[in-house]
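Data block below; observations after.
All residue numbers refer to positions in the sequence shown, counting from 1.
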Amino acid sequence: MVLKITGRRLASAMAIMSTGIILGCTRPEQPQVSTPSPVSTEQQAQVPPAQNTTASSVVNQLLTTRQCPGCDLQGVDLEKADLSGANLSNANLAGADLEEANLSNANLTGANLSNADLNKANLSTANLTGANLTSTDVEAANLTGTNLTNANFTSADLENAIFTNADVTGANFTGADLEGVRGLNR
């Protein structure tokens, strides 16, 4: 008789077989030991799961802690998200949907926001020093008091954006749509 038994079931099977021998069973069929069913997921050894670095877990981290420096958030949907005071320095937000998001007082130093949607976003008093906003939709966004030193707005849509008291020292506006922009002092 060949039994395919693993783990704790081996000890149980041996106990049952030895009981049969002690009780005088002469035929291997008595008592019958059934082949154990496959080990369920719960019975398998618990192996810690690998750290989940999917976009959803990174977004969850950002929304929970407001800390995500250097995170890869490319193409994520953060429309209408409250990210006020968040640390997104050097984060990759290329192609992200941040329409109507609250990024007031956020740290976006060196962030990549190319091709992102910041339409109607609140970026007041945020720090975007050295940020890349190439081809970004920043239409009707509030950039009041924002630090935009050396930010790159090449080919960005800035129509009707508010730049009152923003620091645009060294910022690049080549090819940007500046129609209706308010408070921009270059």
Side-chain angles (χ1 to χ4, degrees), residues 47-186:
V47 178
Q51 186 175 5
N52 187 355
T53 57
T54 63
S56 63
S57 67
V58 175
V59 169
N60 189 41
Q61 171 193 331
L62 171 61
L63 296 174
T64 304
T65 68
R66 296 188 195 271
Q67 298 294 316
C68 212
C71 287
D72 185 10
L73 295 161
Q74 185 172 347
V76 297
D77 182 7
L78 292 166
E79 185 175 347
K80 297 182 181 178
D82 182 12
L83 300 171
S84 56
N87 182 2
L88 288 160
S89 59
N90 299 306
N92 181 10
L93 290 151
D97 183 357
L98 292 156
E99 185 174 355
E100 296 185 41
N102 181 4
L103 290 154
S104 61
N105 205 38
N107 180 1
L108 290 154
T109 304
N112 180 9
L113 291 152
S114 60
N115 297 299
D117 184 356
L118 288 162
N119 187 24
K120 299 180 184 174
N122 180 6
L123 293 152
S124 61
T125 66
N127 187 351
L128 283 96
T129 301
N132 180 10
L133 293 111
T134 302
S135 300
T136 298
D137 180 3
V138 194
E139 188 174 342
N142 181 2
L143 294 120
T144 302
T146 301
N147 185 350
L148 300 167
T149 304
N150 297 319
N152 184 1
F153 287 98
T154 301
S155 301
D157 181 1
L158 300 168
E159 189 175 339
N160 298 316
I162 303 166
F163 284 87
T164 306
N165 297 321
D167 183 355
V168 294
T169 306
N172 182 354
F173 292 95
T174 305
D177 180 357
L178 300 173
E179 183 181 337
V181 167
R182 292 176 283 174
L184 181 59
N185 297 319
R186 297 193 284 163

Could you list all the salt bridge (Lys or Arg N to Asp or Glu O under 4.0 Å) pairs where at least one residue sits in [range], not counting sequence neighbours?
range            : value
residues 60-70   : R66-D82
residues 83-100  : none
residues 138-147 : none

Euclidean distance, [Y] [atom2] relative to [X] [atom1], rounded to 0.5 Å:
X    : Y    : atom1 : atom2 : answer
N160 : L178 : CG    : CG    : 11.0 Å
N87  : C71  : CG    : SG    : 9.0 Å
N142 : K120 : CG    : NZ    : 13.5 Å
D117 : N119 : CG    : CG    : 5.5 Å
T169 : N150 : OG1   : CG    : 8.0 Å
L143 : N165 : CG    : CG    : 12.0 Å

Mutual orientation of the aromatic rings belonging to F173 and F153 [parallel < 30°, tilted 30-60°, perpendicular > 60°]: parallel
Taking all atoms of both residues into account, what is the closest heavy-atom pair of [X] and [Y], and its distance?
X    : Y    : answer
S135 : N115 : CB-OD1, 3.3 Å
L148 : A171 : O-CB, 3.7 Å
C68  : A91  : O-CB, 4.0 Å

Qualifying side chain to side chain donor-acceptor pair (under 3.5 Å) pairs, either residue in residues 173-183, two or more places apart: N172-T174
Non-hydrogen side-chain atoms of L88 and L62 separated by less than 4.5 Å: yes
Student check: side-chain heavy atoms of V59 and L73 closer than 4.5 Å: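 Touching, per the 4.5 Å side-chain cut-off.
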By side chain to side chain contact (heavy atoms under 4.5 Å, CB included) - contacts of A94 (at least two apart):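 Here the qualifying residues are Q74, N92, N112, S114.
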side-chain hydrogen bond (donor to acceptor under 3.5 Å, both in side chains) partners of N105, counting only residues at least two apart: none
Intermediate values then yes/no, side-chain contact (heavy atoms from CB on, under 4.5 Å), D72 and V58: CA-CA 8 Å; D72 185 10; V58 175; over 6 Å; no
Partner of L118 under side chain to side chain contact (heavy atoms under 4.5 Å, CB included), chosen from L103, D137, L158: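 For L118, the side chain to side chain contact (heavy atoms under 4.5 Å, CB included) check succeeds only for L103.
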T146, L108, T149 screened by side chain to side chain contact (heavy atoms under 4.5 Å, CB included) with T129, the one that passes: T149
N107/L128 under side-chain contact (heavy atoms from CB on, under 4.5 Å): CA gap, chis, key distance, verdict: CA-CA 7 Å; N107 180 1; L128 283 96; over 6 Å; no
